[in-house]
J.: 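I'd like to ask some things about the structure below.
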Amino acid sequence: MPSSDQLLAELKLLHPKLIDLSLGRIERLLAKLGDPHRRLPPVVHIAGTNGKGSVTAFLKSILEAAGKKVHVYTSPHLVRFHERIQIAGADGSSRDIGEHALIDVLMRTRAVNDGDDITQFEITTAAAFLAFAESPADVLLLEVGLGGRLDATNVVAKPALTVITPISMDHAEKLGATLPLIAAEKAGILKPGVRCVVSRQPPEVLEVIEDAAVRVGAPLVVFGQQFDAYEQRGRLVVQREDALLDLVSPALVGRHQFVNAGTAVSAALELDEVLRAETGTGLDLDEQAIERGLTDVRWPARMQRLDSGPLPEMLRPGTELWLDGGHNPAAGQVLAQSLADLEDKSSKPLILVVGMMGLKDAAGFLMPFRGLARRVYTVPIPGAHEAPFSPERLAEVASSCGFSAVACGGIEDALRRADAVEPGPKRVMICGSLYLAGHVLGLQAGVLPQSN
């Protein structure tokens, strides 16, 4: 029997393009599989540029704290492909799909596809739907892969709820060169009569979403209108039209996580109302479950402190090592703000270790760190599925932004240089790409990440 590595490599060969947005191919495949996407538990469909993963993680944690069984679909993975398909367990906790179960659904889906033209994301999404349809759960959290309108996940015709997290410039070559064009693609997940929770947005983005909602007939629950979320005295306050919740601070680090957590809390409460109206049974959410969800949440590579393992051990005592997968200008802004907040609490020289994919706006990502970071060390991204910036070219971009930048041979080389460049403890942030973050977590675990 082939391994999941072998199967995934084979499935990549079924379509010449890495990304080719379309619904026709996956709809044909799902029909051959018996339409598993029509046999799913209630679906929360989540799109956006930034915060998608964090909102999904908060929602999962809140729902599980309320005793619900939750399937989760995300992408890309960090270390193992199995992370993308989380199956609700009998004990109430979802876990990455096992190797044998993954091989089973991939082989069945491959057999039915019978060599037809299809992208790897489409065929693996179909396999995920098969796995979800065959395992009981109360909710499926379904994260969009790219965009929304033509994303493979958008074959779900009637989700219970949709969510749109903050939208910013990213994947312009696929989704459009302006914020309104990108917003129109993301708003493609809106469905007639299906409530949509909309997180904080730029005005021009919200206008596009509101226009799309009117055309489709989708009721909106909008940040700053029907709900608000903010930090007050170190706590999360979520204000809705019918309630005011004074909650614990979310466990994920950064001011932006108050917005993401507040969006997730509002989405959980809206889902409770929707399910109660449709089935007579809600989620049994209470404030204690919501708070447990906010504090128990885990989401790797989002302002993640690496406290132990081979990489932190390379650095002198007192030096902090952080990891974040943010990779666009908006992510650079919130990451820089988070690091500035850490600097206010405990001042240490900040050094960036950066690797980025070649189509990203590297200058736009780096500019928010001016005046905050002392040096930038640029690194390659081993095993990247598309061309990353070379360390030399990325160092040139960083230098043009005003940083002292040096190209390095890899993460270990960059950390050795960062540790030796000046005496005393420092704050080192590895950032710029989720694929780089996966490589780092693989080094920490002593395993080779599976290719995206």
J.: Pick out which of H77, H82, E83 makes a side-chain contact (heavy atoms from CB on, under 4.5 Å) with V79.
T.: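 Output: one option passes, namely E83.
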J.: Work out which heavy atom in L311 is nearest to a heavy atom in Q444; give both atom names and the distance.
T.: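 For L311 and Q444, the tightest heavy-atom pair comes out as N-OE1, 3.0 Å.
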J.: Do V155 and T125 pass the side-chain contact (heavy atoms from CB on, under 4.5 Å) test, and can you show the C-alpha distance, the side-chain angles, and the key distance before you say yes or no?
T.: CA-CA 10 Å; V155 294; T125 298; over 6 Å; no
J.: Are the side chain of K60 and the backbone N or O of V70 linked by a donor-acceptor pair below 3.5 Å?
T.: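 No; judged by distance alone, with no hydrogens or angles, the pair does not exist.
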J.: Looking at A267, is its backbone amide N or carbonyl O close enough to the side chain of E270 to form a donor-acceptor pair, meaning the two atoms are under 3.5 Å apart?
T.: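 A pair under 3.5 Å: no.
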J.: Can you give me the closest heavy-atom contact between V265 and L294, atom names plus distance?
T.: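 Taking V265 first and L294 second, the nearest heavy atoms are CG2-CD2, 4.2 Å.
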J.: Nearest 0.5 Å, please: how far is CZ in R39 from CG in L130?
T.: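 Between L130 CG and R39 CZ, I get 7.0 Å after rounding to 0.5 Å.
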J.: Taking the side chain as C-beta and beyond, is there a heavy-atom pair between N50 and V334 under 4.5 Å?
T.: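 Side-chain contact under 4.5 Å: no.
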J.: Which atoms form the tightest heavy-atom contact between L30 and H37, and what is the distance?
T.: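 L30 and H37 have their closest heavy atoms at CD1-ND1, 3.6 Å.
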J.: Are any side-chain N or O atoms of K191 and backbone N or O atoms of I189, one a donor and one an acceptor, separated by less than 3.5 Å?
T.: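 Checked: pair present.
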J.: For R298 and A57, work out which heavy atoms get closest and say how close.
T.: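 The answer is O-CB, 3.9 Å.
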J.: To the nearest 0.5 Å, what is the distance between CG (L271) and CZ (R276)?
T.: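 The distance works out to 10.5 Å.
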J.: For the residue pair E143 and T74, confirm or rule out a side-chain donor-acceptor distance under 3.5 Å.
T.: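 Checked: E143/T74 side chains show no N/O donor-acceptor pair below 3.5 Å.
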J.: May I ask you to test the K186-V205 pair for a side-chain heavy-atom distance under 4.5 Å?
T.: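 They are not in contact (no side-chain heavy atoms under 4.5 Å apart), so the answer is no.
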J.: So, does T124 use its side chain to make a donor-acceptor pair with the main chain of F121 at under 3.5 Å?
T.: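 Answer holds: yes.
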J.: Please work out which of the three classes, parallel, tilted or perpendicular, describes the rings of F129 and Y73, given edges at 30° and 60°.
T.: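 Taking F129 first and then Y73, their aromatic rings sit tilted (interplane angle of 30° to 60°).
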J.: Which pair of non-hydrogen atoms, one from V248 and one from E291, has the smallest distance, and what is that distance?
T.: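 Closest approach of V248 to E291, heavy atoms only: N-OE2, 3.0 Å.
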J.: Tell me, do P159 and V44 make a side-chain contact under 4.5 Å, heavy atoms counted?
T.: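 With C-beta onward as the side chain, the pair stays apart.
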J.: What's the verdict on salt bridge (Lys or Arg N to Asp or Glu O under 4.0 Å) for K158 and E278, showing C-alpha distance, side-chain angles and the deciding distance?
T.: CA-CA 13 Å; K158 187 73 173 178; E278 292 182 354; 6.0 Å; no
J.: Check whether any side-chain heavy atom of L372 lies under 4.5 Å from a side-chain heavy atom of M429, and answer yes or no.
T.: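 No. Closest side-chain heavy atoms not under 4.5 Å.
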J.: Applying salt bridge (Lys or Arg N to Asp or Glu O under 4.0 Å), run through D211 and R215 and close with a yes or a no.
T.: CA-CA 6 Å; D211 288 347; R215 288 196 306 274; 5.4 Å; no
J.: Answer yes or no: is there a side-chain heavy-atom contact under 4.5 Å between I209 and I167?
T.: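 A side-chain contact under 4.5 Å exists here.
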J.: Would you sort out whether L206 and E210 count as a side-chain contact (heavy atoms from CB on, under 4.5 Å), showing the intermediate values?
T.: CA-CA 6 Å; L206 184 57; E210 289 176 334; 3.7 Å; yes
J.: Indicate yes or no for a side-chain donor-acceptor contact from E122 to the backbone of I26 under 3.5 Å, with no hydrogens or angles considered.
T.: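 Answer holds: no.
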J.: Checking the side chain of D151 only, and the main-chain atoms of N154 only, is there a donor and an acceptor separated by less than 3.5 Å?
T.: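 Looks like no, no N/O pair under 3.5 Å.
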J.: My understanding is that only one of K32, R25, R28 makes a salt bridge (Lys or Arg N to Asp or Glu O under 4.0 Å) with D116; could you say which?
T.: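 For D116, the salt bridge (Lys or Arg N to Asp or Glu O under 4.0 Å) check succeeds only for K32.
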J.: Determine whether more than 12 heavy atoms belonging to other residues, nucleotides or ligands lie under 6.0 Å from atom CZ of R200.
T.: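 No, because the 6.0 Å sphere around CZ of R200 holds 12 heavy atoms or fewer from other groups.
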J.: So, do L339 and L342 sit near enough that their side-chain heavy atoms are less than 4.5 Å apart?
T.: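 Yes, their side chains come closer than 4.5 Å.
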J.: Can you tell me how far CZ of R233 sits from OG of S249, rounded to the nearest 0.5 angstrom?
T.: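 One finds 13.5 Å between OG of S249 and CZ of R233.
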J.: Could you grab the distance from atom CZ of F227 to atom OG of S199, nearest 0.5 Å is fine?
T.: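 Between F227 CZ and S199 OG, I get 5.5 Å after rounding to 0.5 Å.
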J.: Checking D296 against S61: is there a side-chain donor and acceptor pair closer than 3.5 Å?
T.: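 S61 vs D296: no donor-acceptor pair found between side chains.
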J.: Output the distance between atom CG (D138) and atom CG (D284), rounded to the nearest 0.5 Å.
T.: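 Between D138 CG and D284 CG, I get 10.0 Å after rounding to 0.5 Å.
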J.: Strictly by modelled atom types, are S3 and D5 linked by a side-chain donor-acceptor pair under 3.5 Å?
T.: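 On atom types as modelled, these side chains do not qualify, holding no pair under 3.5 Å.
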J.: Nearest heavy-atom pair of V447 and P449: which atoms, and what distance?
T.: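 Shortest heavy-atom separation between V447 and P449 comes out as O-CD, 3.5 Å.
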J.: Of the options H256, R302, Q257, which is the one that meets S54 in a side-chain hydrogen bond (donor to acceptor under 3.5 Å, both in side chains)?
T.: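 Of the listed options, the one satisfying the test is Q257.
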J.: So, S451 and K12: side-chain donor and acceptor under 3.5 Å apart, yes or no?
T.: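 K12 and S451 do have a side-chain donor-acceptor pair below 3.5 Å.
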J.: Are the side chains of M357 and I381 in contact, using a 4.5 Å heavy-atom criterion?
T.: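 Yes - at least one pair of side-chain heavy atoms lies under 4.5 Å apart.
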J.: So, D228 side chain and Q239 main chain: donor-acceptor pair closer than 3.5 Å or not?
T.: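 The answer is no, because no donor-acceptor pair under 3.5 Å joins these two groups.
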J.: Once the angle between the rings of F369 and F365 is folded into 0 to 90°, is it parallel (under 30°), tilted (30 to 60°) or perpendicular (over 60°)?
T.: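 Because their plane-to-plane angle lies in the 30° to 60° range, the rings of F369 and F365 count as tilted.
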J.: Looking at S94, is its backbone amide N or carbonyl O close enough to the side chain of K69 to form a donor-acceptor pair, meaning the two atoms are under 3.5 Å apart?
T.: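 No, K69 side chain to S94 backbone: no donor-acceptor pair under 3.5 Å.
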J.: Quick one: pull up CD in Q201 and OG1 in T49 and give me the separation to the nearest 0.5 Å.
T.: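 It comes to 8.0 Å.
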J.: Closer than 3.5 angstrom, by distance alone: can the side chain of Q226 be matched with the main-chain N or O of V222 as a donor-acceptor pair?
T.: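 Pair found, side chain donor or acceptor close to backbone of V222.
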J.: Spell out, as yes or no, whether a donor-acceptor pair under 3.5 Å connects the side chain of Q120 to the backbone of L8.
T.: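 Present.
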J.: Report yes if the side chains of L141 and H71 come closer than 4.5 Å at any heavy-atom pair, otherwise no.
T.: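 Sidechains of H71 and L141: no contact.
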